Colleague: 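Got a structure for you, questions after.
Predicted model, so just to flag it, every value in this text is computed and none were measured. Naming: A, B, ... by sequence-line order, numbering from 1 per chain.
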Number of protein chains: 2
Amino acid sequence: MKPTLQDVADAVGVSRSTVSNAYSRPDQLSAALRAKILDAAQRLGYPGPNPTARSLRRGFVGAIGVLFTSQLSYAFTDPFAVRFLAGLSGAAERHGNSLLLVPLPADRAQVRTAVENASVDGFCVYCAGDEDWALDAIHDRGLPYVTTAPRENAGPADRYVGIDERAAARSVADHVAALGHRRVALLGDTVLPDAPPGPLALAAPQDAPHSVTRGRLAGFADAFAAVGVDWPAITVLNAAGNSRAAGAAAVATTFAGDDPPTAVLACSDVLALGVLDALAEPGRRLRQPVSVTGFDDIADAAAAGLTTVRQPAEEKGRIAGELLLKPPADPAAGHVLLRTDLVVRTSTGPVRRS
Amino acid sequence: MKPTLQDVADAVGVSRSTVSNAYSRPDQLSAALRAKILDAAQRLGYPGPNPTARSLRRGFVGAIGVLFTSQLSYAFTDPFAVRFLAGLSGAAERHGNSLLLVPLPADRAQVRTAVENASVDGFCVYCAGDEDWALDAIHDRGLPYVTTAPRENAGPADRYVGIDERAAARSVADHVAALGHRRVALLGDTVLPDAPPGPLALAAPQDAPHSVTRGRLAGFADAFAAVGVDWPAITVLNAAGNSRAAGAAAVATTFAGDDPPTAVLACSDVLALGVLDALAEPGRRLRQPVSVTGFDDIADAAAAGLTTVRQPAEEKGRIAGELLLKPPADPAAGHVLLRTDLVVRTSTGPVRRS
DNA sequence: TTGAAAGCGGTACCAA
DNA sequence: TTGGTACCGCTTTCAA
């Protein structure tokens, strides 16, 4: 059996408190005694204070939990999520905290369990807003948390860092509309759960269950409504996942028809890059070039010449971390809206009169 | 104060054991009583069993620690590390484990503390081999661990997953040598600690303190020695970090001289891409095209036409996770060497006679 | 089916 | 400076 603090105390002939102090508060005992204790510990193979026991007693852990709405392993395939994590881990690093990445099981009941079993002092929920079962579980645990999207019924104590999704989406859609595009398609990841890739019937942006998608679709719609293109005239495309391949698959049949869209506005850069991939496929014949826009401004966007909306990824993560680790005195400061910038590159251009 | 299990027990008029069973072993009590207990818990706002206390009592945590040799936030900027993490998190997910990302402080003494404070059942040490203070700390805690490089004095119980760095490096260097290159430069990240960017005096590959760099440099050297180019004739370049910018900076002055290298072999794709960046700078005049090779085959390598050595990133992570979470019965199976493949693209070509 | 009691391994207050 | 003593919150035999 592994030796415990008690064993060390016995070996040296002192009390447990003294051994504990030797580790946690060196100034509380003489250097000589401390050396003697550490020496004995070494000899006995005492691994040092058990972190779990220490956390239990101290009442805090020194770790924050990170929850992803999608599979944890998918999170690492999303460039934006990775940059967010970089920012978050930087903040954690600075505060001496660890990051506990908690995989969320698909089963709703198990989500509760996963949340309940996490030894953490708080949670950062990436890209939530509708995953209420996870947020509810966190809330029930009474732990502080930060989300990257505002909750429907957010209380004043709720903290989040995000962007104005709708306004940001509108900015890029305004740009596309100004270029003269009127036949457009909007592309999102899992716009409706379990929908197949490709065109989708969505009565209104509000019907998208995911709040981020909802906000972006609404912003796109705003821009086109302003130039007389109403929602029913807009094609909504569904992608089965947030990947280039999914983006390409979603538009596979889009440009075949008689009157194809002249622009595709995607809810993420990754999807948009997939659209560009599809458009670049050899053998594809187009009546006119298709404008494509993304969202996020990930690293690959620049090289691809993708017009997109930039949001500060690392900063988002960093602020999420700070919000959690160093709560602002003023609760109003707990709601942070980051600025976004329209980045116009070569993937968008004026529509050609036919 | 937050209610505890005891409070719930008191409220219902049962013992703590029964309440505990209501949560952890529903089959141990009548459905009616269980409902009553859960109901009372709800009413009192009991957050469910405290995970820390539970872990302490049960003797395991359900989480594995991840240690990066560099800053945690840097890890997310390294594409290969990210893919490794994706694989690792997949394995963790499958086994119902969480991942605790532990930031390692620069201070050596604090590294111990960081390791000692992590509530985990084991560690995955990314890219270690020489960070012995971290490994020692893990070892002293008596926890199982996996590394991504063999340890010098590895015992039979040590588990690791890696590649034959030297052979892999040789394969790409053989390719370059076969193309006729004899004046070559090798480029590594932090070949020697605190060295400035650019040319470096390194008496032998063995003098590189980092085992991965050491192995790769040795492999490069092997190939050129085989064609009569000895170590002193080879330029070694140091990069201050594993980034494109650092790669570019490292070769900033390399091609100015009279007799510049005709090939640069980098220890990572990221560095190699930086070299390509530098070579593509406007205004740079070269006597002949410079061949460049990388290592890892990250996503951006293909688009850049980079000749490189592919190693299976996600699989490396996945296997590391499996090795930790489901230790092989046969200890020999705890040492996994993954295969690598030379991927020849357009960044390498035959040397031109001058 | 339920409860009593004994820890899991430490920490921190307070008194000596 | 050191030791005594609760106690952190839960799980788990074992007996009732």
Colleague: State whether A:S24 places a side-chain N or O below 4.0 Å from either non-bridging phosphate oxygen (OP1 or OP2) of C:dT11.
Modeller: yes
Colleague: Need one value for A:F60: base, sugar-phosphate or nothing, where a base atom within 4.0 Å counts as base even if backbone is also close, heavy atoms only.
Modeller: nothing
Colleague: Do any pairs count as a salt bridge (Lys or Arg N to Asp or Glu O under 4.0 Å) and have a residue in residues 55-66 of chain A, sequence neighbours left out, and if so which ones?
Modeller: none
Colleague: Output yes when at least one side-chain N/O atom of A:R54 is less than 4.0 Å from OP1 or OP2 of C:dG10, else no.
Modeller: no
Colleague: Starting at atom CD of B:Q28, determine the distance to atom C1' of D:dC10, rounded to an integer number of angstrom.
Modeller: 16 Å
Colleague: What is the distance, rounded to the nearest whole Å, between atom CD of A:Q6 and atom C1' of C:dG10?
Modeller: 11 Å
Colleague: Might you work through the side-chain contact (heavy atoms from CB on, under 4.5 Å) test for A:F68 and A:V102, ending with a clear yes or no?
Modeller: CA-CA 8 Å; A:F68 282 90; A:V102 183; over 6 Å; no
Colleague: Holding to salt bridge (charged side-chain N to carboxylate O under 4.0 Å, His left out), I want the full list of residues that pass it with A:R141, two or more places apart in sequence or in another chain.
Modeller: none
Colleague: Only pairs at least two apart or in different chains count here, so list each salt bridge (Lys or Arg N to Asp or Glu O under 4.0 Å) that has a residue in residues 110-127 of chain B.
Modeller: B:R112-B:E116, B:R112-B:D140
Colleague: Once side chain to side chain contact (heavy atoms under 4.5 Å, CB included) is applied, do any residues pair with B:D78, and if so which ones, sequence neighbours excluded?
Modeller: B:F80, B:A81, B:Y126, B:N242
Colleague: To the nearest Å, give me how far apart CG (B:N21) and C1' (D:dT13) are.
Modeller: 11 Å
Colleague: Can you tell me the distance, in whole Å, between the CZ atom of B:R141 and the C1' atom of C:dG10?
Modeller: 14 Å
Colleague: How large an angle, rounded to 10°, do the end axes of the helix from C:dT1-D:dA16 to C:dA16-D:dT1 enclose when each is built from five base pairs?
Modeller: 30°
Colleague: Between B:Y46 (OH) and D:dG9 (P), how many Å, whole number?
Modeller: 10 Å
Colleague: Name all residues meeting the side chain to side chain contact (heavy atoms under 4.5 Å, CB included) criterion together with A:P26; count only those two or more places apart in sequence or in a different chain, and write none if there are none.
Modeller: A:R34
Colleague: Just list the side-chain donor-acceptor pairs under 3.5 Å for residues 17-24 of chain B, sequence neighbours left out, or say none.
Modeller:
unit_1: B:S17; atom_1: OG; unit_2: B:S15; atom_2: OG; d: 3.3
unit_1: B:T18; atom_1: OG1; unit_2: B:S15; atom_2: OG; d: 3.3
unit_1: B:N21; atom_1: ND2; unit_2: B:S17; atom_2: O; d: 3.4
unit_1: B:S24; atom_1: OG; unit_2: B:R54; atom_2: NH2; d: 3.0

Colleague: Select base, sugar-phosphate, or nothing to describe what A:V19 touches, counting heavy atoms under 4.0 Å on all strands.
Modeller: nothing
Colleague: Answer with base, sugar-phosphate or nothing: what part of the nucleic acid does B:Y23 contact at a heavy-atom distance below 4.0 Å?
Modeller: nothing
Colleague: Are there more than 12 heavy atoms of other residues, nucleotides or ligands under 6.0 Å from atom CD of B:Q42?
Modeller: no
Colleague: Check the surroundings of atom NE2 in A:H95: do more than 12 heavy atoms from other residues, nucleotides or ligands lie under 6.0 Å from it?
Modeller: yes
Colleague: So if I take every side-chain heavy atom of B:S20 and compare against D:dT12, C:dT2, C:dT11, which nucleotide ends up nearest?
Modeller: D:dT12
Colleague: Residues of residues 29-40 of chain A with any non-hydrogen atom less than 4.0 angstrom from an atom of DNA chain D: list those, numerically ordered, please.
Modeller: A:L29, A:S30, A:L33
Colleague: Shorter than 3.5 Å, N or O on both sides, protein versus nucleotides 5-8 of chain D: list them out with atom names.
Modeller:
unit_1: D:dA6; atom_1: N6; unit_2: A:R16; atom_2: NH2; d: 3.1
unit_1: D:dC7; atom_1: O2; unit_2: A:R57; atom_2: NH1; d: 2.8

Colleague: Under 4.0 Å between a side-chain N or O of B:S15 and OP1 or OP2 of C:dT2?
Modeller: no
Colleague: Please classify the nucleic acid contact of B:S55 as base, sugar-phosphate, or nothing, using heavy-atom distances under 4.0 Å.
Modeller: nothing
Colleague: Applying salt bridge (charged side-chain N to carboxylate O under 4.0 Å, His left out), can you list everything that pairs with A:E322, at least two apart in sequence or on another chain?
Modeller: A:R94
Colleague: Rounded to whole Å, please give me the gap between CG in A:D7 and P in C:dG10.
Modeller: 9 Å
Colleague: In this structure, how many angstroms lie between the P atom of C:dG10 and the CG atom of B:N50, rounded?
Modeller: 17 Å
Colleague: Name all residues meeting the side chain to side chain contact (heavy atoms under 4.5 Å, CB included) criterion together with B:L338; count only those two or more places apart in sequence or in a different chain, and write none if there are none.
Modeller: B:V161, B:I163, B:P312, B:K316, B:I319, B:V336
Colleague: Could you pull out all residues at least two apart from A:D194 that satisfy side chain to side chain contact (heavy atoms under 4.5 Å, CB included)?
Modeller: none
Colleague: Looking at C:dA12, D:dT12, C:dG10, which one has an atom nearest to any side-chain atom of A:R25?
Modeller: C:dA12
